[in-house]
Amino acid sequence: MISLHTVAPHALALLAAPGLLALGCARAPLAPPGRPNVLLVTIDTLRADHLGCYGHPGSATLVLDGLASRGIRFGTAIAHVPLTAPSHASILTGRTPLGHGLRDNGGFALPDGARSLAEDFRRAGYRTAAFISGFPLDRRFGFDRGFQTYDDHLPRGNDPRRTPYVERTADRTTEAVLRWLEAAPSVAAPFFLWVHYYDPHAPYEPPAEYLARFPSSPYDGEIAFVDAQLGRLLRRLDELSSGTVVLVTADHGESLGEHGEETHGLFVYDATLRVPWIMAGPGLPSGRVAGVVARGIDVAPTLLDYAGLPARADVEGRSLRAAADGRDQGDAPAYVESLFPQLQYGWAPLHAWRTARFKLIDAPRPELYDLGADGGETRDRAREEPGRVDEMRGHLRAAMSTRTPSAVKEMDAETAERLGALGYLGGGGARATGAAPRDPKDGVRLVARLGRGMEAARTDPAVAIRELTAVLDEDPGMLVARRTRAVAYAAAGQHDAAIADLRRLEKDGRLSAEDAIVLGDNLRFSGRLKDAVAVLERTARENPKFAQPWLSLAEVKVKEGKNAEAAAAYERVLRLVPDHIEALRGLGDLALLEGQAEDAAARYGRVLEVDPADAGAMTKLGVVRMRAGRAEEATALFRKAVEREPANGEALLYLAGALASNGRPAEALPFFERALRAGPRSSMALNGLGLTRLAVGDRPGAAAAFRESLRLDPKQPDVARTLREMGGRR
Ligand SMILES: [Zn+2]
């Protein structure tokens, strides 16, 4: 049914279109007609106790601290899962994982029955937009529901294979948000905006300036960088908008070595579950610290409350407005879980029940902590207090058995089947057969070894293969070790070994869609193109919402020389993910290959509209301009690419080449040298360097470059002749 609410925003947008609106040039503020704008910021992997306002001594979180002092903060806020996707699902739906059904990163999508607060805002006439910085929240997992704009363009094109952690850094995400804010029509409905920052997630690699400020804790450097970027966003928002309710929280913390865990996901201790919760804006008091325990499921009802909208009955959380206002609001217990140890390692899952004072972890050997006296959860009291263990376990299991059936009804069939196969629909996670699963706390040593292997998979594959093989020798059920070893084998160029590991997963029925892509790529690299096509086409069929199989398929078709089929596969990607950067780039490269310069320029230009910082597209657009004889324009593009990515070998080489061929050899020289340091020492680059050195009169330098070039590729008669002539004249 069409209501005024759904029609109004379109009508307003139409009115605001250029030419239709005769209001002159003054930009009206983004004025909410009666309702406030709402900004939800989630900072991935952010421990509460690493912020100044939560008592961290050496922090540089001035923006978040300032927000807390002009608004309110909850002293204790708890995430329900120490994992990005399930925890964000709780934040957005107001339901625990038992209710929304998304139990792990990657393997699950948000079921249709689990509604997002973005849908509530949308129905109420809000404009909705989300800006995502990490792969686990890719639209394929269902988080785009209710958002008119869902910007999940990651710098390397939503491609988890190219780097171990694909992320968009906070400066780029902020720039994308600011572009959206500035483009807002001057007469506008209020907005609901969700901004997700990913920087504090491992690996901890803050920009140089922040690394220099936090040399011994780069994690804090990442946090300080996000804080500064959030400051940019909030300042501009203040200029544009008359009233925005801002809520900043996190999906989970980071263990940083506590309990033997380096990162997050395995355990359910507060190190990875205590997150910040800071709010400010119209209707909120200033400088208050609320004592009630806030939970992830309380975010959605609280935000809807401040916007004057009702929360739906199926929400498990509650609005914390009363507590924020300083009124009495009793604590509610939090259900907590991590199925990660089971789904990824084949160990026991963890479920926990957390009250304001105590936490029970329902592991094979249960643990009980008195959080009031022992916030670090270092002294297990389970043996001393069996009565409390039984009582809390009773609450936990009751929650698990009563909430599950209603959720299952609304879950889509695929998710229900997946959960059923894993034994979760009974509510207990019991295993039907086999030995008792390992208690995660008994396997933490293996996890450290696994972590070393995973970290080195792409950068130091020999180390990774050694560590992961040792892990698999001890626990062959750790599937993640096998999948990662396949990645390491691939990085080492041992494609047959990679294929063997992946075929083994396939035989055991545990080949995930992501594994299938890696398998397809290894088949492609080892020249078995028909097998690659078979695997990728099957994966595309079985995962109709996934763009990645089509992207890999396109690369196989390029290798087969079937350009039209490759282009068709890239177009499939674009239908699934409009403006997918790698698909646009692929189409641009194909057009360039076929000499369709304007088509290529249009594709690269589109990449740059989506991500103005994409140095690869700048470089390729430069190549198109160069070929059209527009040398100055090309040089400017190459220069910009090099500024953006000072170690981009391709951009450096093109810049050097453009300068050299335009009679500026002295200027070109340092760029040739940098290109050779940054990229492969190709004969083409060495010949360019040699000719340029010759042009500036450096004959010995030129000869050295030509000699190295000939060592790499002896079949270059022209180079050999030049070298001979130089020798003869000496
Ligand atoms: Zn996360």
Side-chain angles (χ1 to χ4, degrees), residues 40-51 64 77-93 96-97 100 102-110 116 130-143 152 154 158 160 163-170 173 194-206 218-220 222-223 225-227 229-230 247-256 258 261-277 295-297 299 336-341 343-344 350 447 451 454-455 480 514:
L40 168 65
V41 177
T42 57
I43 303 176
D44 216 283
T45 322
L46 178 57
R47 278 178 76 123
D49 60 5
H50 275 240
L51 300 184
L64 287 164
I78 295 299
H80 299 276
V81 199
L83 293 162
T84 305
S87 184
H88 274 97
S90 288
I91 290 169
L92 294 174
T93 66
T96 68
H100 61 60
L102 198 162
R103 313 299 283 271
D104 195 7
N105 288 343
F108 292 82
L110 198 61
S116 160
F131 293 82
I132 299 311
S133 304
F135 174 71
L137 301 177
D138 186 281
R139 75 184 63 207
R140 80 184 70 170
F141 305 120
F143 290 96
D152 54 357
L154 305 179
N158 299 344
T163 50
Y165 298 92
V166 178
E167 72 175 58
R168 171 158 64 177
T169 48
T173 304
W194 168 33
V195 179
H196 166 250
Y197 290 118
Y198 202 57
D199 304 65
H201 196 285
Y204 315 126
E205 293 167 343
Y219 173 67
D220 289 314
E222 296 267 34
I223 294 171
F225 177 58
V226 171
D227 185 82
Q229 291 300 320
L230 179 63
L247 192 160
V248 183
T249 185
D251 56 347
H252 52 78
E254 187 80 320
S255 213
L256 300 174
E258 286 181 43
E261 183 182 38
E262 290 304 321
T263 56
H264 58 268
L266 182 66
F267 290 137
V268 290
Y269 299 112
D270 273 11
T272 57
L273 292 174
R274 263 194 80 175
V275 292
W277 176 317
R295 304 165 301 172
I297 54 174
V299 169
V336 166
E337 70 167 35
S338 181
L339 306 198
F340 182 86
L343 298 176
Q344 300 295 328
L350 293 178
V447 172
M454 291 178 79
E455 215 174 288
V480 67
E514 300 301 335

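Indexing begins at 1, ligand by ligand and atom by atom, following the structure's order. Side chains are part of it too, since the values below use all heavy atoms of this structure and drop only hydrogens, waters and symmetry mates.
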Peer 1: Please name the atom of D251, limited to N, O or S, that comes nearest to the Zn ion (ligand 1).
Peer 2: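 Looking only at N, O and S atoms of D251, the one nearest the Zn ion (ligand 1) is named OD2.
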Peer 1: Do you know which N/O/S atom name in D44 is closest to the Zn ion (ligand 1)?
Peer 2: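 This residue's closest N, O or S atom turns out to be OD1.
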Peer 1: Does any non-hydrogen side-chain atom of V226 lie less than 4.5 Å from one of L64?
Peer 2: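 Answer no - side chains too far apart.
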Peer 1: Indicate yes or no: at least one non-hydrogen side-chain atom of R295 is less than 4.5 angstrom from one of W277.
Peer 2: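 They are not in side-chain contact.
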Peer 1: Parallel, tilted or perpendicular: which describes the rings of H201 and Y198, with under 30° parallel and over 60° perpendicular?
Peer 2: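 Aromatic pair H201/Y198 classed parallel.
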Peer 1: Under 2.8 Å from the Zn ion (ligand 1), is there an N/O/S atom belonging to H201?
Peer 2: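 No N, O or S atom of H201 is closer than 2.8 Å to the Zn ion (ligand 1), so no.
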Peer 1: Using the ring of each side chain (for Trp, its six-membered ring), is Y219 parallel, tilted or perpendicular to H50, with breaks at 30° and 60°?
Peer 2: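 Rings of Y219 and H50: perpendicular, over 60°.
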Peer 1: Taking 2.8 Å as the cut-off, does an N/O/S atom of T84 lie below it from the Zn ion (ligand 1)?
Peer 2: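 For T84, the answer is yes, given that an N, O or S atom comes within less than 2.8 Å of the Zn ion (ligand 1).
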